[in-house]
Q: 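Below are the structure tokens for one structure; questions will follow.
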Amino acid sequence: QDRRKGIHLVMEAAADLLRIPGALLFVVGKVDINFRSAFEQILKIHGDRVRHIDKFVDEAELPLLFACADVFLLPYSKDFTSSSGTLPRAAASGVPVITGVHGLVGHRVHQHGLGETFLIDDLAGFVDAATQVRNYSAQERGLMRTSLVKFAESASVSQFKKRLGTLFL
């Protein structure tokens, strides 16, 4: 995990995120050497509530991780403007996403009702977004799950092939 993927924001907000009742923080992937020392401090302080899977997670394992998650944090940096391959995978698992308002990921999350967005430099907004998701009512969770599954179906490989195929006919 690196600055582009927002690991610095997760680390800066970790103490506040872990104040959310029942919160556990999973960090998946190698932590960039520039953030390793700070991340080790978080593990030292909050180790009972932080899990680190220190490896690349392949496609087959992703659904298992998402099954353990109540929310997926995607705090990409401002210069990240493309989409994310993990966004439709999280959606397929019915897991709401928290991301910045900028870029294609922010647009998709907001446009399709896939979770909450925040101004990427606003740590309090980041924590508020996570708190909002935590406090969704059963009805809000149901509506969110419907939006997530609908998005996942529209972003599936088969739909991509179907749409791409029509471009070349």
Side-chain angles (χ1 to χ4, degrees), residues 1-29 31 35 38-54 57 61-78 80 83-153 155:
Q1 299 301 333
D2 56 24
R3 181 170 291 282
R4 181 183 69 90
K5 292 185 178 180
I7 188 66
H8 63 293
L9 295 172
V10 173
M11 290 190 311
E12 288 176 43
D16 291 328
L17 289 168
L18 291 168
R19 284 190 191 102
I20 298 170
L24 291 173
L25 180 62
F26 282 80
V27 177
V28 179
V31 174
F35 301 101
F39 184 64
E40 287 172 359
Q41 284 298 315
I42 290 169
L43 287 172
K44 189 175 183 178
I45 296 167
H46 303 286
D48 61 326
R49 300 191 54 213
V50 179
R51 305 293 182 269
H52 183 208
I53 300 172
D54 192 15
V57 175
E61 294 175 287
L62 280 175
L64 299 172
L65 288 173
F66 285 127
C68 298
D70 293 320
V71 66
F72 183 44
L73 306 177
L74 271 177
Y76 286 120
S77 65
K78 283 183 183 177
F80 186 86
S83 193
S84 168
T86 54
L87 179 61
R89 289 163 186 84
S93 298
V95 179
V97 175
I98 296 174
T99 193
V101 297
H102 64 280
L104 185 55
V105 174
H107 171 76
R108 286 177 141 184
V109 169
H110 177 75
Q111 184 74 24
H112 296 280
L114 307 178
E116 301 295 333
T117 58
F118 67 100
L119 293 172
I120 203 67
D121 295 325
D122 179 6
L123 286 180
F126 184 21
V127 175
D128 287 346
T131 303
Q132 276 185 269
V133 172
R134 171 69 173 89
N135 293 329
Y136 282 168
S137 68
Q139 181 180 7
E140 288 170 317
R141 286 190 185 284
L143 292 171
M144 176 69 57
R145 180 169 283 282
T146 300
S147 296
L148 288 159
V149 170
K150 183 178 176 184
F151 173 79
E153 289 169 355

Q: Which pair of heavy atoms, one from Ala13 and one from Leu123, lies closest together, and at what distance?
A: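 Of all heavy-atom pairs spanning Ala13 and Leu123, the closest is CB-CD2, 4.1 Å.
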Q: Evaluate the side-chain proximity of Leu119 to Val101: yes if any heavy-atom separation is below 4.5 Å, no if none is.
A: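 Val101 reaches Leu119 side chain to side chain.
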Q: Got a donor-acceptor contact below 3.5 angstrom from the Arg134 side chain to the Pro21 backbone?
A: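 Yes, Arg134 side chain to Pro21 backbone: donor-acceptor pair under 3.5 Å.
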Q: Within a strict 4.5 Å, meaning less than it, do heavy atoms of the Ile120 and Pro75 side chains meet?
A: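 Touching, per the 4.5 Å side-chain cut-off.
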Q: Could you give the distance from CG (Leu24) to CG (Asp48), rounded to the nearest 0.5 Å?
A: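 If I round to the nearest 0.5 Å, the distance is 8.5 Å.
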Q: Give me the atom names and distance for the closest heavy-atom approach of Phe118 to Asp122.
A: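 Taking Phe118 first and Asp122 second, the nearest heavy atoms are CD1-O, 3.7 Å.
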Q: Might you work through the side-chain contact (heavy atoms from CB on, under 4.5 Å) test for Thr86 and Val97, ending with a clear yes or no?
A: CA-CA 10 Å; Thr86 54; Val97 175; over 6 Å; no
Q: Do Leu148 and Pro96 touch side chain to side chain, with heavy atoms closer than 4.5 Å?
A: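 The answer is yes; the side chains approach within 4.5 Å.
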Q: Heavy-atom distance under 4.5 Å between the side chains of Glu12 and Phe126, does that happen here?
A: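 Not touching, per the 4.5 Å side-chain cut-off.
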Q: If you compare all heavy atoms of Pro88 against all heavy atoms of Ala152, which two are closest, and at what distance to 0.1 Å?
A: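 Residues Pro88 and Ala152, closest heavy atoms: O-CB, 3.8 Å.
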Q: Enter the distance from Glu140:CD to Arg145:CZ here, rounded to the nearest 0.5 Å.
A: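 Reported to 0.5 Å precision, the distance equals 15.0 Å.
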Q: How are the rings of His112 and Phe151 set to each other: parallel, tilted or perpendicular (split at 30° and 60°)?
A: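 Tilted: the ring planes of His112 and Phe151 meet at 30° to 60°.
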Q: Taking His102 for the side chain and Tyr76 for the main chain, is one N or O donor matched with an acceptor at less than 3.5 Å?
A: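 Yes: the side chain of His102 pairs with the backbone of Tyr76.
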Q: To the closest 0.5 Å, what do you measure between CZ (Arg51) and CG (Leu43)?
A: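 One gets 10.0 Å once the value is rounded to the nearest 0.5 Å.
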Q: Step by step, work out the side-chain contact (heavy atoms from CB on, under 4.5 Å) result for Leu87 and Val109.
A: CA-CA 9 Å; Leu87 179 61; Val109 169; 4.0 Å; yes
Q: Test side-chain contact (heavy atoms from CB on, under 4.5 Å) on Glu116 and Asp128 and set out the steps.
A: CA-CA 9 Å; Glu116 301 295 333; Asp128 287 346; over 6 Å; no
Q: For Ile42 versus Ala14, what's the shortest heavy-atom pair and its separation?
A: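 Looking at all heavy atoms of both residues, the closest pair is CD1-CB, 4.0 Å.
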Q: Please find the pair of heavy atoms, one from Arg108 and one from Ser83, that lie closest to each other, and give the distance.
A: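 Heavy-atom minimum between the residues: NH1-OG, 2.8 Å.
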Q: How many angstroms lie between OG1 in Thr117 and CD1 in Ile98, if you round to the nearest 0.5 Å?
A: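 Thr117 OG1 to Ile98 CD1: 10.0 Å, rounded to 0.5 Å.
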Q: What I'd like to find out is whether the side chain of Leu62 reaches to under 4.5 Å of the side chain of Val57, using heavy atoms alone.
A: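 Yes - at least one pair of side-chain heavy atoms lies under 4.5 Å apart.
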Q: Can you tell if the side chain of Lys5 reaches within under 4.5 Å of the side chain of Phe80, non-hydrogen atoms only?
A: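 Side-chain contact under 4.5 Å: no.
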Q: Would you check if the side chain of His110 reaches a backbone N or O of Gly115 as a donor-acceptor pair within less than 3.5 Å?
A: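 No, because the side chain of His110 does not come within donor-acceptor range (under 3.5 Å) of the backbone of Gly115.
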Q: If you measure from CZ on Phe35 to NE2 on His8, what distance do you get to the nearest 0.5 Å?
A: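 Answer rounded to 0.5 Å: 6.5 Å.
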Q: Looking only at atom types and distance, does a side-chain atom of Ser93 sit under 3.5 Å from a main-chain N or O of Pro63, one as donor and one as acceptor?
A: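 Between the backbone of Pro63 and the side chain of Ser93 there is no qualifying donor-acceptor contact (under 3.5 Å).
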Q: Which heavy atom of Ala130 sits nearest a heavy atom of Ile20, and at what distance?
A: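 In this case the closest contact between Ala130 and Ile20 is CB-CD1, 3.7 Å.
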Q: So, does Arg49 use its side chain to make a donor-acceptor pair with the main chain of Ala23 at under 3.5 Å?
A: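 Between the backbone of Ala23 and the side chain of Arg49 there is a qualifying donor-acceptor contact (under 3.5 Å).
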Q: Have a look at Val27 and tell me which of Ile53, Asp54, Ile7, Leu73 forms a side-chain contact (heavy atoms from CB on, under 4.5 Å) with it.
A: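 The single option meeting the side-chain contact (heavy atoms from CB on, under 4.5 Å) with Val27 is Ile7.
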Q: Main chain of Val133, side chain of Arg141: is a donor-acceptor contact present, judged purely on distance under 3.5 Å?
A: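 Indeed, once roles are kept as given, a pair shorter than 3.5 Å links the two residues.
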Q: Please evaluate residues Val10 and Leu25 with respect to the criterion side-chain contact (heavy atoms from CB on, under 4.5 Å), reporting the C-alpha separation (whole Å), side-chain torsions for both, the decisive distance (0.1 Å), and the verdict.
A: CA-CA 9 Å; Val10 173; Leu25 180 62; 3.9 Å; yes
